[in-house]
Every structure is written in C-alpha cells, then in structure tokens.
Amino acid sequence: MYCKSTLIALLASLVSLVAHAQNYQRMTNLPHVIIETENRASITSKDTYIYATLYYVDENDQVTTYEGMQIRGRGNSTWNLPKKPYRIKFSQKEKFLGTGYAKAKSWTLLANASDKTLMHNAITSLMGDFLGLKNNPAHKFVDLTLNGTYVGNYQISDQVEVRPHRVNIAEQDYPLTEESDITGGYLLEVDGFMDGNLITTSHYGLPVVIHYPDEEEIVPEQTNYIHEYLNEFERVLSGSDFADPEEGYRAWVDSTSLVNWFIATEVSGNVDGYWSTYFYKEQQDPKLYWGPLWDYDIAYNNDNRTDRNGTDNTERQLMTDAGYGATKLWINRMWQDPWFGQLVNRRYAQVVQEGLEGYLYQQIDSIANLLQESQQMNFQRWGISTMVLRERVLYSSYDQYLDYLKNYIGVHMAYLRTAFAEKKVAEPTPPFVADNCYYTITNSNTGRAIATTSKTGLAGDPVSTWSVSASDESQQWRIIPVDGYFMLINRQSGMALNDPTPGSSTATTNTGTQLDTAEPDAEDDRQLWSLTPQGTAGYYNLTNLYTHHTANLSGGIDADGAVILSYTTDSRNSTSNNRLWFITSGEKIEEDTPAVPDAIASVEPDEYALAYNPQTKTLHFGSETPEYLTFTVRVYTSNGVLKRSFRASEECSLADLPHGVYVIAWTTGGNTRSTKLLVQ
C-alpha cells in the first residue's frame, strides 16, 4: 500500500500531466511542436546539443511527450538568420511521423526562412516522387513553439543518413572483420562548404564529404576504397574514350537516377544544386546513384546574386552554366557525350507529356491551402516583405509569392525544352560554307533576326534585330565568300553589313558603335567578316576584319529594333548568347545566265549596257544617261567567291584573274541581274 505522501505526489504528477495535455494545443490546423529546453537554455550552437522535452500535438489533438531528447542548431548560411533551423535527436529511434516514414533518432526542423512560399523544399521532394527518384525527404509542416515563444511555421524533414525510408542502402559492418564487404554502401556529397570527412578527387578536384560510414566509425581501408573508386571514375570520365558505352563513364553511373536528379535540379533552377550534391554507392554495385534532393530554399529564382552570366534571373539559364559548385564539371563533361543529351531530352519530353508542370501547380495549391492559417501567423512573426537572405523579389502578400513561383516554373520549363535540345548536340559547329541562297541570321538569346532598321535601302542604314518574318526581305542576307572572309549583302537594299567604328581599334578597345550597311566593296575590310563556329551546331560569331570586333546584341534586349553593336572580342565569345548567331538557309537565288557578251550589247533597261574588252580585260558600262550608273557591280567566280566590286560608272580590270568563267551581277530598280563572262 502507498503512504499518504506518496499518493499525494502521484496525484500531483497526474494533475501536472493533465494540465500539460490541456495546455499543449494546436495553434492552427497544423500539428504543433512545443520544445522546452532544460532550464530554458538558449540554443546557441549548431555543434553542441542541449537537452529538452518535446510535445507533439497531432491533427487529432493527441499529445505525445518525448523526454530526454536533444536539440541544436543546423545549416550553414541559414543558421545566421533570425528564424533558425534546428536538428533534434531523440533518446531512442522514433517513428516520429508515423507509418511510411523512418524510425530514427535524428530529424530536422527546417525554417524555410528565406523562402516566402515556405514550400520550395516540399514541392521539390514531391517532384522527386513524380520523377521516380528514391529517398525523397519527408515534408511535414508544423507550428513550432520554443521555450514558450512561437517561432513560426516549420517543416519536419529527414536527416540525410543511411537508414530505411531515408537513404536505403546497405549498412557496412561495424566493426569491420576480414570477411566484411567494403564495396558499399557509401553516402557521399559534393560539398562546397567542405564540412565533414572530406576527400578531394584527383582529376577535377571535387570536394567530396563521406557521410556514411560515419566519421567516427569509418576506417582508412574504407576511405581509401571510395577515394580510389571516385578517382577511377574521373579518370574514365575525362579520358578520350569517355563516351564509349562499355569502356566510358556510362558503365559507372545509374542513368535513371542521374537523369531524374538532373531534371529536378534544372526545373527547380537550384543555383546550389551542383554546390551540394548527394549521391551514393551500393554494395556489390559498380554504379553511382544520384540523390536525395536536398536544400532548395534559394531555388526557383530566389537568389539575387548577380555573377551568373551578368544577371540574377535564372528563368532562361541552365544551372550547369549559371549555378555554383564543382559537380558542374562532371555534368558538363557528360554533355559532351551525345548519349547524355539524348537521355536528358527524351526523359524531359516524357515528364512534360506526363504532366509535371500541372502536377507542380496542383501541389503548390494543395500546400498553400494547408498552410493558409499557419503562414499568416508565421509572417506576422517575421514579416512577409522583409529581406532575410538573398531574395530576388519582395511582395506584400503570400499569394503574390505563389504566383511568382508558378510563373517561374512555367517560363523556365518552356525554356528548358529549347535549352536541352540545343545543348544535346555535342559535335563542334562546322566551318560555315556559303550556299547560293538567302540566309536569316537570328540571335541565340532572343531568336530575333538581323535586319536593316529603316528599310530605306540606303547606305548607312543601321542594323538591328526584329521578329522573324519569312516575307521580310530586309531580314534576308546573301553570304558571299571573299578570300577567306564573307560579305553579307542585304536582299532588300543590296547593301553590305558594315562596321563603321571610327578610327583604329583592337579586339577590346573602341567598342560600342552600332553596325550599319554600306555600298558593297569587296576591298573594304569593314565589310568583311569571319563566321567563327561556336558550341552547338549552327551558332557563329560575326567578327569584323577591320575592327576585330564581334557583332553583339546590346543588353540582350528582346524587342524589335534592338541595337547590334561592334563589341568586344574575348573568351566570352563562346558563351555570351548576345554574341552567338544562328544562321538558317532560305530561298535559293536563281541567277539569270544570258550569253557571254563580247561587245556593247543592249541590256534591260535600255538606258545602259555592259561592255567587256577582251584585249585589255576591262569591264565598263555605257549609257546615254551616265548619272544612272550609281549601282554596284560584283564579279564572282563560278562557285560564288566574290573577286571584285565596283561602281557602274567606273572601269574594272580583270587582268589579274585566272582564266575561267565569272558571273557579273548587279542590282538596280529592285531587280538583280547577272551575266556570265569568259576570261581568257
């Protein structure tokens, strides 16, 4: 039997428990997590745990108490924010989120402080589910109270570790024995912060952290094994036979997880996707697997750093170009293999057809509905229009952030269709070979075509970019070879693309003059251009022989009339979309081929005639009204190489030309005329 004092103590405990149960209630429709640290100590370290008690009030208002648990801070840059993330550790493994989730000691409380939608990490995990990736982190939204103070909306998520329902791979023996298999599993991360048990790869120098086996358990034998494995992978990836299906890197990667992880990284526009990249190796499996997806709060155009190709807007950029981190070195090498481009394009087309975009919109709406009450309380506490980290935009309402997120997904996914298709061709762009046709020249950044601006047909008319129109002759150019260079003759005006930069210049000086057109003159270096192949098939730089400058779309302006400048020529020629031009062949040019003249003959119109003196080998035009002889005459070889250009009122000597048939062509009154001439 109990004594009276013992009964009183038991009754007091029971009353206390009942009081706790009554006090610990939900604040919104979400579960409520209440954490009380021992002696209400502040959480000041992301390395040292302190003891606490956690009360979890679920959706049915049932309270579960976890005593003897511990809590500390977590994160890198996010730990320095006012709304801080935490890591909690129970005294024993717990099914904290119930059936279907991990049974584990360690869990994370993500603050999503700089993500005003509060859902970037959650929808990315859901995207991983849609794509078929394994090991996607949990996302359970709760309200969090810490030592009696409400601290906002938080997301319970998995700690990235080897465990069923997390990264579910083989766990190695501990301690190792002589029979232990050390081929796996290994949980690895390319980590730009280099925080943990770090190894560095030999060829590309990637900083790789070994997360499993744990730092306190791993032995040199295991470290050496996985280090040498990664070094051998890089040796194959960087080698001359890297694209070989059996001898190259494909035998080292699981293509399904690779392409799904890559698509998730690019669809989300995660600028840190290649800075922090999780991947793993299974036991008795020669391949690397990719994932889990992690740390997406600054994805979806939510990072205002401006050193990514000169802009902070990632709507129309690939993260392999604009993102941060060393994993890009691996992925960009894979892009040089046509197989990888085909894999990405095929899989992306498939997931687009299966409705990935609509699925993401549905999940955004669903989570927004779930968070409606909690997000209001969260932003009353922290402010919705306050910059926390590097947010690119700030709005005054939650719905505006949701619209911004949806708009980004729509615009960016449409861009990826084109970007993946263009990037997949790994073969170098071939040297340009001119055909007897008119060409349209469009900018890589905007897709708009080079055209004369005023369309008057006069010399000195500036050139700019315009929306492509198949019927607009001001956008059509004849490209004519001239002794290793090219002249670009406008169909409408008959004028040549010209760089009018005054004075002398070098490749990097005296830049910024707008390009224009001039009377064609094959001996004027300002009208002669190199068409330098770059990157993906079809893209070229237009570099002027006289100025050494490259044609550049000023500011990347996506509008009719955008100026084309004589601009710097440097290492960015191969990467700046404003300097890359796609050349598309069009209508064939049908030349007239009248009989070869041997004296003055009547040629329409009646006001002028062409004459050739075979003794002196000179050409000239005769006319009773010589003031009409203002047009330019061009002399081509039979295969289209321009050899001479002269004004019709002048004589032109052909004496130094080799024997052969030449084409004499001129444009007047809007008509192009030509004749063939045998020079002996």
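In what follows, every heavy atom counts, from backbone to side chain, and hydrogens, waters and symmetry copies are set aside.
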Could you check whether [Y] and [X], counting side-chain N and O atoms only, form a donor-acceptor pair closer than 3.5 Å?
X	Y	value
N301	Y404	yes
T550	N573	yes
R333	Y249	no
N443	T465	no
T584	T440	no
N445	N578	yes
T568	T508	no
S464	T453	yes
T501	D499	yes

Check [X] against [Y] and note the closest heavy-atom contact, atom names and distance.
X	Y	answer
G248	V236	C-CG1, 3.2 Å
W581	L553	CZ2-N, 4.0 Å
A451	W466	CB-CD1, 3.6 Å
K328	D321	NZ-O, 3.6 Å
N510	S504	ND2-O, 3.3 Å
G512	L565	O-CD2, 3.4 Å

Tell me, do [X] and [Y] make a side-chain contact under 4.5 Å, heavy atoms counted?
X	Y	result
R491	E587	yes
E234	L206	yes
I583	I479	yes
K588	N436	no
W252	L237	no
L528	M487	yes
Y274	V190	no
N332	L329	no

Do you know which of L497, D461, T452, V463 makes side chain to side chain contact (heavy atoms under 4.5 Å, CB included) with N490?
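Checked L497, D461, T452, V463 against N490; only one passes side chain to side chain contact (heavy atoms under 4.5 Å, CB included): T452.
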
Can you tell me how the ring of F420 sits relative to the ring of F262, calling it parallel under 30°, perpendicular over 60° and tilted otherwise?
tilted

Does atom CD (E354) have a neighbourhood of more than 12 heavy atoms from anything else shown, all under 6.0 Å?
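Yes - once you tally the heavy atoms of other residues, nucleotides and ligands closer than 6.0 Å, there are more than 12.
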
Only one of N541, D570, T543 passes side chain to side chain donor-acceptor pair (under 3.5 Å) with R579; say which it is.
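Considering N541, D570, T543, a side chain to side chain donor-acceptor pair (under 3.5 Å) with R579 is found only for D570.
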
According to salt bridge (charged side-chain N to carboxylate O under 4.0 Å, His left out), does anything in residues 553-569 pair up with another residue at least two apart or in another chain? List the pairs.
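Passing the test, one end in residues 553-569: R448-D558, R448-D560.
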
May I have all residue pairs that pass salt bridge (charged side-chain N to carboxylate O under 4.0 Å, His left out) and include part of residues 238-264, sequence neighbours excluded?
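Qualifying pairs, neighbours excluded: R250-D337.
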
Donor-acceptor pair, side chain of [X] and main chain of [Y], under 3.5 angstrom:
X	Y	answer
N345	A421	yes
S530	T532	no
Y300	Y296	no
N407	D403	no
H620	A648	no
S505	T547	yes

Please report the interatomic distance [atom1]([X]) to [atom2]([Y]), rounded to the nearest 0.5 Å.
X	Y	atom1	atom2	result
L488	N498	CG	CG	11.5 Å
W261	L131	CH2	CG	13.0 Å
E519	Q527	CD	CD	9.0 Å
Y662	L657	OH	CG	4.5 Å
L356	Y348	CG	OH	7.0 Å
E266	Q317	CD	CD	10.5 Å

Mind checking side chain to side chain contact (heavy atoms under 4.5 Å, CB included) for I557 and listing every partner two or more places apart, or none if nothing turns up?
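By the side chain to side chain contact (heavy atoms under 4.5 Å, CB included) rule, I557 matches A559, A562.
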
Check step by step if side chain to side chain contact (heavy atoms under 4.5 Å, CB included) holds for I664 and Y612.
CA-CA 11 Å; I664 318 301; Y612 174 64; over 6 Å; no

Which of these, W529, Y539, Y485, Y540, sits in a ring pair (Phe, Tyr, Trp, His ring centres under 6.0 Å) with F432?
Y540

Are L343 and S255 close enough, and set up right, to give a side chain to side chain contact (heavy atoms under 4.5 Å, CB included), and what steps lead you there?
CA-CA 8 Å; L343 175 70; S255 61; 4.1 Å; yes

When the ring centroid of F340 is compared with that of W335, is the distance short of 6.0 Å?
yes

The test is side chain to side chain contact (heavy atoms under 4.5 Å, CB included); show your working for V267 and V351 and say whether it passes.
CA-CA 11 Å; V267 167; V351 300; over 6 Å; no

Under a 4.0 Å N-O cut-off, is there an ion pair linking D303 with R305?
yes

Hey, mind stepping through Y438 and R478 against side chain to side chain contact (heavy atoms under 4.5 Å, CB included) and telling me if it holds?
CA-CA 5 Å; Y438 293 108; R478 185 171 184 177; 4.2 Å; yes

